[in-house]
Amino acid sequence: GMYIGGRDQRAYHHLFREVFDNAMDEAVAGHANRIDVTLIDEKTISIEDNGRGIPVDPHPKFPEQSALQVIMTTLHSGGKFNAKAYKTSGGLHGVGISVVNALSSRTLVEVARNKMVHRLEFSRGHAMGSLENMGSVSNRRGTKVTFSPDEEIFGDKLQFSPAEIYSFIKQKAYLNAGVTVRWTNLSQLTGDVPSEDVLNFPGGLADWLGEIIEGQALAGHRTFGG
């Protein structure tokens, strides 16, 4: 409750917002320009950015663990606590991602960094094995986090809402002009939103106002046009 506000639907989606905000922080800092959000099923979602990628080298304070593992399992260990990495931040400054990990039955993190891909899987905040080197890659970089909230904590009734997620990422795309957010819904849920969309608004809030005005004009036309 202290970190995400409880165990209800709002808290359930707060987990997603924490991971997304980490990706957007990377973009706001100038290190990424694209975020992919994929609703895999009703209770599993993936967020991927094309930023620098979470460090995977041994952690300075815990050399027996990778920095990735420490960041994912220890409070206040995120990059945003080091050397004032971000001037602005939408997340919880190193708290959010470890809390999401602790409250998820499964979390898979893939990092493309320095032309290599690494992955590490977690369950309820604990690493399931060691950091895996998946080989070299030349056209990919950034961090991909896929997670499923823990039913032992949230119960088996809650699930992600496509409409709520789509509305949130669209707002963020308007507020962060020039960042492209790509949305894909692979689940059986519809929520009256597109199954795929590319959200990019170079004009930022001006584009948002334009959409509102256009919507009002169409509504007026329907009213007076019969």
Inset, instruction - Kindly give the heavy-atom pair with the smallest separation between W183 and P194, and that separation in Å. - result: NE1-O, 2.7 Å
Inset, instruction - Verify side chain to side chain contact (heavy atoms under 4.5 Å, CB included) between L103 and D150, making sure each step is shown before the conclusion. - result: CA-CA 6 Å; L103 300 180; D150 190 353; 5.5 Å; no
Legend entry - Audit row: R124, E152, side chain to side chain contact (heavy atoms under 4.5 Å, CB included) steps and yes/no: CA-CA 10 Å; R124 298 182 172 92; E152 290 187 6; 3.4 Å; yes
Legend entry - Distance (rounded to the nearest 0.5 Å) between Q69 CD and N101 CG: 10.0 Å
Legend entry - CA sep, side-chain torsions, deciding dist, call: Q159, L189, side chain to side chain contact (heavy atoms under 4.5 Å, CB included): CA-CA 10 Å; Q159 57 189 20; L189 304 172; 3.5 Å; yes
Inset, instruction - Give the cluster check for M116 versus I54: same hydrophobic cluster or not, with ILVMFWY residues linked at side-chain heavy-atom distances below 4.5 Å. - result: no
Legend entry - Euclidean distance, E132 CD relative to H118 NE2, rounded to 0.5 Å: 10.0 Å
Legend entry - Short side-chain to backbone donor-acceptor contact, R140 and A112, under 3.5 Å: no
Legend entry - Residue pair V145 / T107: nearest heavy atoms and the distance that separates them: CG1-CG2, 4.1 Å
Inset, instruction - Tell me, please, which residues at least two apart from R10 pass side-chain hydrogen bond (donor to acceptor under 3.5 Å, both in side chains). - result: none
Inset, instruction - Just grab all the side-chain hydrogen bond (donor to acceptor under 3.5 Å, both in side chains) pairs involving residues 186-196, residues at least two apart or on different chains. - result: N185-S187
Legend entry - Sidechain-backbone polar pair: N33 side chain, G178 backbone, donor-acceptor under 3.5 Å: no
Inset, instruction - Following the transitive rule for hydrophobic clusters with a side-chain heavy-atom cut-off under 4.5 Å over Ile, Leu, Val, Met, Phe, Trp and Tyr, establish whether F122 and I40 coincide in one cluster. - result: no
Inset, instruction - Would you please say whether a donor-acceptor pair under 3.5 Å links the side chains of S148 and T44? - result: yes
Legend entry - Residues, nucleotides or ligands: over 12 heavy atoms within 6.0 Å of R7 CZ: no
Legend entry - Interatomic spacing from CD1 in I35 to CG in N176 - rounded to 0.5 Å: 7.5 Å
Legend entry - N22 vs D25 side-chain heavy atoms within contact, under 4.5 Å: yes
Legend entry - Nearest atoms (heavy-atom pairs only) where A11 meets G6: CB-O, 3.2 Å
Inset, instruction - Report whether I47 and L199 are members of the same hydrophobic cluster (ILVMFWY, side-chain heavy atoms less than 4.5 Å apart, transitive linking). - result: yes
Inset, instruction - Determine, for D21 against K172, whether the closest basic-nitrogen to carboxylate-oxygen distance falls under 4.0 angstrom. - result: yes
Legend entry - Minimum-distance pair of heavy atoms, taken over all atoms of G53 and R113: O-NH1, 2.7 Å
Legend entry - For the student: nearest non-hydrogen atoms of S105 and S123, plus distance: O-OG, 2.8 Å
Legend entry - Joint cluster assignment, F168 & Y166, ILVMFWY side-chain distance < 4.5 Å: yes
Legend entry - R34 bridged to D36 by N-O distance under 4.0 Å: yes
Legend entry - Common cluster, V111/L108, ILVMFWY with side-chain heavy-atom separation under 4.5 Å: no
Legend entry - Side chains of I97 and M72 in contact at under 4.5 Å (non-hydrogen atoms): yes
Legend entry - Closest non-hydrogen atom pair between P149 and F154, with its separation: CB-CD1, 3.9 Å
Inset, instruction - Begin from the C-alpha positions of F160 and F16 and carry the test ring pair (Phe, Tyr, Trp, His ring centres under 6.0 Å) through to its verdict. - result: CA-CA 9 Å; F160 287 115; F16 160 74; 7.1 Å; no
Legend entry - Interatomic spacing from CZ in R119 to CG in L131 - rounded to 0.5 Å: 10.5 Å
Legend entry - Separation between CG of L186 and OG1 of T38, rounded to the nearest 0.5 Å: 6.0 Å
Legend entry - I169 CD1 to R182 CZ distance, which is reported to the nearest 0.5 Å: 12.0 Å
Legend entry - Donor-acceptor pair, side chain of K43 and main chain of D156, under 3.5 angstrom: yes
